[in-house]
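Predicted, not measured: the structure shown is a model, and the values here were computed from it. Each chain gets a letter, A, B and so on, in the order its sequence line appears, and its residues count up from 1.
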There are 2 protein chains.
Amino acid sequence: MPRMQLTKTIIINTALSLAEKQGYEAVTMANIARSLSIKPPSLYNHFKNLEEIKHAMAETAQKQLYEALKSTEKGAQPLLSLAKAYVHFGSSRPGLYTSSLPGGTNEVSEALVQLIADSLTSYSLGESKKIHAIRGFRSMLHGFIDLNKHEGFKLDVDLEKSLEEMVGIFERGL
Amino acid sequence: MPRMQLTKTIIINTALSLAEKQGYEAVTMANIARSLSIKPPSLYNHFKNLEEIKHAMAETAQKQLYEALKSTEKGAQPLLSLAKAYVHFGSSRPGLYTSSLPGGTNEVSEALVQLIADSLTSYSLGESKKIHAIRGFRSMLHGFIDLNKHEGFKLDVDLEKSLEEMVGIFERGL
DNA sequence: CTTGTAAAACTAATGGTATTAGTTTATAGT
DNA sequence: ACTATAAACTAATACCATTAGTTTTACAAG
């Protein structure tokens, strides 16, 4: 195999670094190629198209999200800790978080679901109730991050407090 | 004033119709111009750029969302009815819903917040608690719609049931 | 009724995007 | 050393937004 120093992993990491440093909109064939000092068409030797690159980025980004959440201290309020870590990840690394979205369902996203499930054990929910609760929790957090990105909230009321209240409501309702 | 048959309203409605029929990605200067049988540069006589068009679209789309929610039967479970109407709007008219997001804060979005507030009156919350609850509710619903769009949920468990459970959890926690 | 002004259309051009086709280069294995 | 092939390349197509400069047209004033 000739000239195979360039791997899929290198391309994806380059693309993710671009997303993080310059925003997800900067993830273009031209920018990725520029970062790698190659021409855009060369990327098609490694990936079918940009969509495939973004899909591969999502899996890696989900992994990083998973790692960030796994290492959070559970403490007295595991659900609140998890929520804060999730929202912090999404807000402080918007390019990386956005990269994680086109991922669909896979092993990593399953692990992420399991992480939430672990924080819900003390509520001893039935299997289907648990699934609904996990979906609700993820919806809440993702919506919180995304609405913020779109300036959906007026800023004169404390955001961190809103998150705490929101998680509080959710926990009481479980 | 010469040739003023083309108004901002006509342009925005054309753009919204494009978003609804062909998806939000189809909202381009070229496509809007084509729909109006003019050339793309002519649009700059009416709007500064595409961003301004999208911002104007957002206000109109928010108005349509507001109208769709206002006309829902409150019934015995006003919060659940509102949630279902919101999610139905977002899922059945994805282009229009996406159009509504770049809107920021304005009179229409305030009216939308008021609509949610009205559905929360029976819980007699304090002013700041109410704001947090509204943010939580919107986050939940927007996140639910957006995660679904990104295929964030596995489809083997009933989605409608998840929505009902999620709202149920939220209501109990209030 | 002509004429001038200004709005709103136009054409042409620039520079950005993804993608495909076809060609060259370089390397790994025979 | 030779050959096959992966991986780079160039060139081209077809989109996209945007700007500059020009023409058209409709209305309002003389």
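Considering only residues two or more places apart in sequence or on other chains, B:Y86 meets the ring-ring contact (aromatic ring centres under 6.0 Å, His included) condition with B:Y97. In this view, B:D118 and B:Q114 satisfy the side-chain hydrogen bond (donor to acceptor under 3.5 Å, both in side chains) rule, not counting sequence neighbours. Under the side-chain contact (heavy atoms from CB on, under 4.5 Å) criterion, B:P102 pairs with B:Y24, B:A58, not counting sequence neighbours. For A:K149, the side-chain hydrogen bond (donor to acceptor under 3.5 Å, both in side chains) partners at least two apart in sequence or on another chain are A:D146. When the side-chain contact (heavy atoms from CB on, under 4.5 Å) test is applied to A:S122, no partner is found at least two apart in sequence or on another chain. In terms of the side-chain hydrogen bond (donor to acceptor under 3.5 Å, both in side chains) criterion, residue partners of A:E164 (sequence neighbours excluded) are, by chain and number, A:K84. Residues that satisfy the ring-ring contact (aromatic ring centres under 6.0 Å, His included) test with A:F153, not counting sequence neighbours, are A:F144.
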| Given Watson-Crick or G-U pairs with both distances under 3.5 Å, what dot-bracket string fits DNA chain C, with | for other-strand pairs and [ ] for crossing? | ||||||||||||||||||||||||||||||

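Taken residue by residue, residues 48-59 of chain B places heavy atoms nearer than 4.0 Å to DNA chain D at B:N49, B:L50. Within residues 29-47 of chain A, the residues having any heavy atom closer than 4.0 Å to DNA chain D are, in order of number, A:I38, A:K39, A:P41, A:S42, A:N45, A:H46.
Between the P atom of C:dA8 and the CD atom of B:Q5 lies a distance of 9 Å, rounded to the nearest Å.
Listed by first and then second residue, the side chain to side chain donor-acceptor pair (under 3.5 Å) pairs involving residues 165-174 of chain A are A:Y123-A:E171 (not counting sequence neighbours).
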Using distance only, find each side-chain donor-acceptor pair of residues 6-23 of chain A under 3.5 Å and give its atom names and separation, not counting sequence neighbours.
unit_1: A:T7; atom_1: OG1; unit_2: A:I10; atom_2: N; d: 3.1
unit_1: A:K8; atom_1: NZ; unit_2: A:H46; atom_2: O; d: 3.4
unit_1: A:N13; atom_1: ND2; unit_2: A:T9; atom_2: O; d: 3.4
unit_1: A:T14; atom_1: OG1; unit_2: A:I10; atom_2: O; d: 2.7
unit_1: A:S17; atom_1: OG; unit_2: A:K21; atom_2: NZ; d: 3.1
unit_1: A:E20; atom_1: OE2; unit_2: A:R93; atom_2: NE; d: 2.7
unit_1: A:E20; atom_1: OE2; unit_2: A:R93; atom_2: NH2; d: 2.9

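Between B:H150 and A:H142, the two ring planes are perpendicular [angle over 60°; tilted spans 30° to 60°].
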